[in-house]
Amino acid sequence: MAEIDLFHYSPVPSPLKNLDPRIKFSLLLLYTVLIYQVHTWGLVLLTAIATILFFSGKPSLKHLLFRGKGILILGILIYFATYGAEKNTITALLSVLRFVTTVLLGMCLISTTLPEEIEKAVYWFLKPLPFISASVIATRIRLTFMFIPDLMETAEKIKEARISRCIQRERNPFKKMTTLIIPLLSSVIERAEVTAFAMEARCYTDKKHYTLKHLTLKDYAAAAVGLGAAGLSILL
Amino acid sequence: MHAQSSIRSTVFISLFTALTAVGAYLAVPVGPVPIVLQNFFVLLAGVLLGKKRGFAVVTTYLFLGAAGLPVFHSGTGGFGVISGPTGGYLLGYLPAVYVTGYIAEQGRSLGFTFTALLAGALVVYIIGIPWLKIVMKLTWIKAFSAGFIPFIIGDALKIAVAIPIIKWLRPPVDAFLQSENHGTS
């Protein structure tokens with residue numbers, strides 16, 4: 001399951017790590033909207049930007065093969081699914097580009113931003129909106145980011161255990177599903193208890209105070225370059 | 001007490017959001033169309049956590065996906081997926097989880113649980129099929145044959161699997177969230 005790696009923070013140094021999470025999160029939101037709005041060359045530009053940003057994190061060959069395999073398989077599936085519906089090679093290739101760019105941008109954010117920083121960025125983004133508790137939603141998102149890789153690893157272990165017990169060959173679909181879901185949900189209950197007790201022990205409260213850093217010149221420069229590239233992708 | 005109960009809610013909402021995201025990657029090979037567990041966890045959240053917490057699970061999930069993170073089916077994400085052909089199914093999770101939670105809160109018998117799951121599964125299609133028809137410019141027959149018929153067996157199986165799992169999971173989840181009910185009443 002190459003997807004496990006999609007949701008991990010990477011300890012490898014990257015220029016993106018020095019950027020403020022608010023800038024990264026805002027640009028990610030903007031680019032994921034643009035990916036589905038721009039024309040062919042605009043999309044190529046966005047894909048090139050996403051690829052450069054991804055490789056700026058200096059992914060190891062092992063990680064690259066690990067990530068690349070999952071993306072390649074999903075890309076092929078998307079190509080054939082789109083080609084089957086549209087009967088057009090260019091449209092199918094553009095769908096694959098959109099998918100690859102979205103995944104690369106998502107990975108750039110996750111691999112260079114700690115869950116705590118994403119929490120702060122989400123809080124800053126949601127704070128001006130009325131009728132919603134920005135701190136509660138930000139905490140939920142931080143916890144979700146922590147749980148996703150854990151649950152994926154658990155699912156992978158369960159799958160390996162099923163293979164070693166030849167459950168994959170089981171014809172009963174009911175048994176096929178329950179042997180995967182029940183151990184996964186057991187781990188969910190255990191995690192819920194451990195996490196809640198840990199948060200209670202640390203006197204967690206909804207009314208959190210977030211310390212947001214001041215934006216530096218580097219952050220403003222990155223925002224300007226990001227917005228410029230977004231504008232160029234619209235014009236192309 | 002309220003702070004404690006709120007933590008427990010937050011933890012469960014986050015866990016079920018993570019489960020829904022992971023469910024998009026988990027496929028059980030049954031027949032020609034593999035069963036993806038994404039909507040299974042959405043329905044389970046509705047029954048086990050109730051309408052409000054279930055709604056929070058789906059809202060958080062859609063927010064993450066809309067922000068461009070690869071949590072939707074086949075590792076996709078972004079507003080484009082929501083506005084695309086399958087966006088109706090994703091947005092349909094919001095009323096589906098609410099309806100499932102609402103019915104499940106009316107009673108704990110097998111009948112209520114079954115009705116809640118069935119209603120939730122149908123609501124997803126009620127939103128998803130017309131959306132698919134409009135975006136892909138299909139006829140009603142084509143929209144049904146592409147967006148409903150291939151998934152009937154899988155959804156029936158999910159409901160059949162969900163019922164014993166809910167019976168097994170309800171006591172520990174209720175015990176865990178009990179302080180929430182006391183705290184807010």
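In what follows, every chain begins at residue 1, and chains take the letters A, B, ... in the order their sequences are listed.
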**Study point:** A:Phe197 side chain reached by B:Val11 side chain, heavy atoms, under 4.5 Å
**Key:** no
Point to revise | Residue B:Tyr98 excluded, over 12 heavy atoms near OH under 6.0 Å | key: no
Practice item. Measure distances from B:Tyr61 to the heavy atoms of chain A and classify the residue's part below 4.5 Å as side chain, backbone, both or neither. Key: neither
Point to revise | Portion of A:Leu105 that has a non-hydrogen atom of chain B nearer than 4.5 angstrom | key: neither
Revision key, fill the gap. One should read off an interatomic distance between B:Ile165 CD1 and A:Leu185 CG, to the nearest 0.5 angstrom, of 6.0 Å
Exercise for review: Under 4.5 Å heavy-atom distance to chain B, tell me which part of A:Glu193 shows up: side chain, backbone, both or neither.
Suggested key: both
**Study point:** Contacting region of A:Leu109 [heavy-atom separation from chain B under 4.5 Å]
**Key:** side chain
Check your understanding: Checking heavy atoms, do the side chain of A:Leu126, its backbone, both or neither come under 4.5 Å from chain B?
Key -> side chain
Review point. Counting only heavy atoms not in B:Lys52, do more than 12 sit closer than 6.0 Å to its NZ atom?
Key: no
Review point. Around atom CZ of B:Phe63, are there more than 12 heavy atoms of other residues, nucleotides or ligands at under 6.0 Å?
Key: yes
Review point. Where is the tightest heavy-atom contact between A:Ala196 and B:Phe176, given as atom of each residue plus distance?
Key: CB-CZ, 3.5 Å
Check your understanding: How long is the gap from CG on B:Leu69 to CD1 on A:Ile141, to the nearest 0.5 Å?
Key -> 9.0 Å
Review point. In Å and rounded to the nearest 0.5 Å, what is the CE to OG distance from A:Met199 to B:Ser6?
Key: 8.5 Å
Revision key, fill the gap. On a heavy-atom basis, the closest approach of B:Ala56 and A:Arg140 is CB-NH1, 3.6 Å
**Study point:** Heavy-atom closest pair, residues B:Ala66 and A:Thr32
**Key:** O-OG1, 3.9 Å
Practice item. Taking all non-hydrogen atoms of both residues into account, name the closest pair between A:Leu151 and B:Leu15 and its distance. Key: CD1-O, 4.1 Å
Practice item. Output the distance between atom OG1 (B:Thr17) and atom CZ (A:Phe147), rounded to the nearest 0.5 Å. Key: 10.0 Å
Exercise for review: Mark yes when over 12 heavy atoms from residues, nucleotides or ligands other than B:Ile141 sit less than 6.0 Å from its CD1; otherwise mark no.
Suggested key: no
**Study point:** B:Leu37 CG to A:Leu180 CG distance, which is reported to the nearest 0.5 Å
**Key:** 6.0 Å
Exercise for review: May I ask you to check whether over 12 heavy atoms, not counting those of B:Phe114, lie within 6.0 Å of atom CZ?
Suggested key: no
Check your understanding: Which one of B:Phe16, B:Phe12, B:Trp168 has the most heavy-atom pairs closer than 4.5 Å to chain A?
Key -> B:Trp168
**Study point:** Identified side-chain contact (heavy atoms from CB on, under 4.5 Å) partner of A:Val188 from the options B:Leu169, B:Leu19, B:Val173
**Key:** B:Leu19
**Study point:** Spatial distance of atom CG (A:Leu143) from atom CD1 (B:Ile7) [nearest 0.5 Å]
**Key:** 10.0 Å
Exercise for review: Flag the pair B:Phe41 / A:Leu184 as yes when at least one side-chain heavy-atom distance between them is below 4.5 Å, and no otherwise.
Suggested key: yes
Review point. Looking at A:Leu34, A:Ile189, A:Ile182, which has the largest count of heavy-atom pairs under 4.5 Å with chain B?
Key: A:Ile182
**Study point:** Which portion of B:Pro164 sits near chain A, non-hydrogen atoms under 4.5 angstrom
**Key:** side chain
Point to revise | Heavy-atom pair of closest approach, residues A:Phe174 and B:Ala160 | key: CE1-O, 3.5 Å
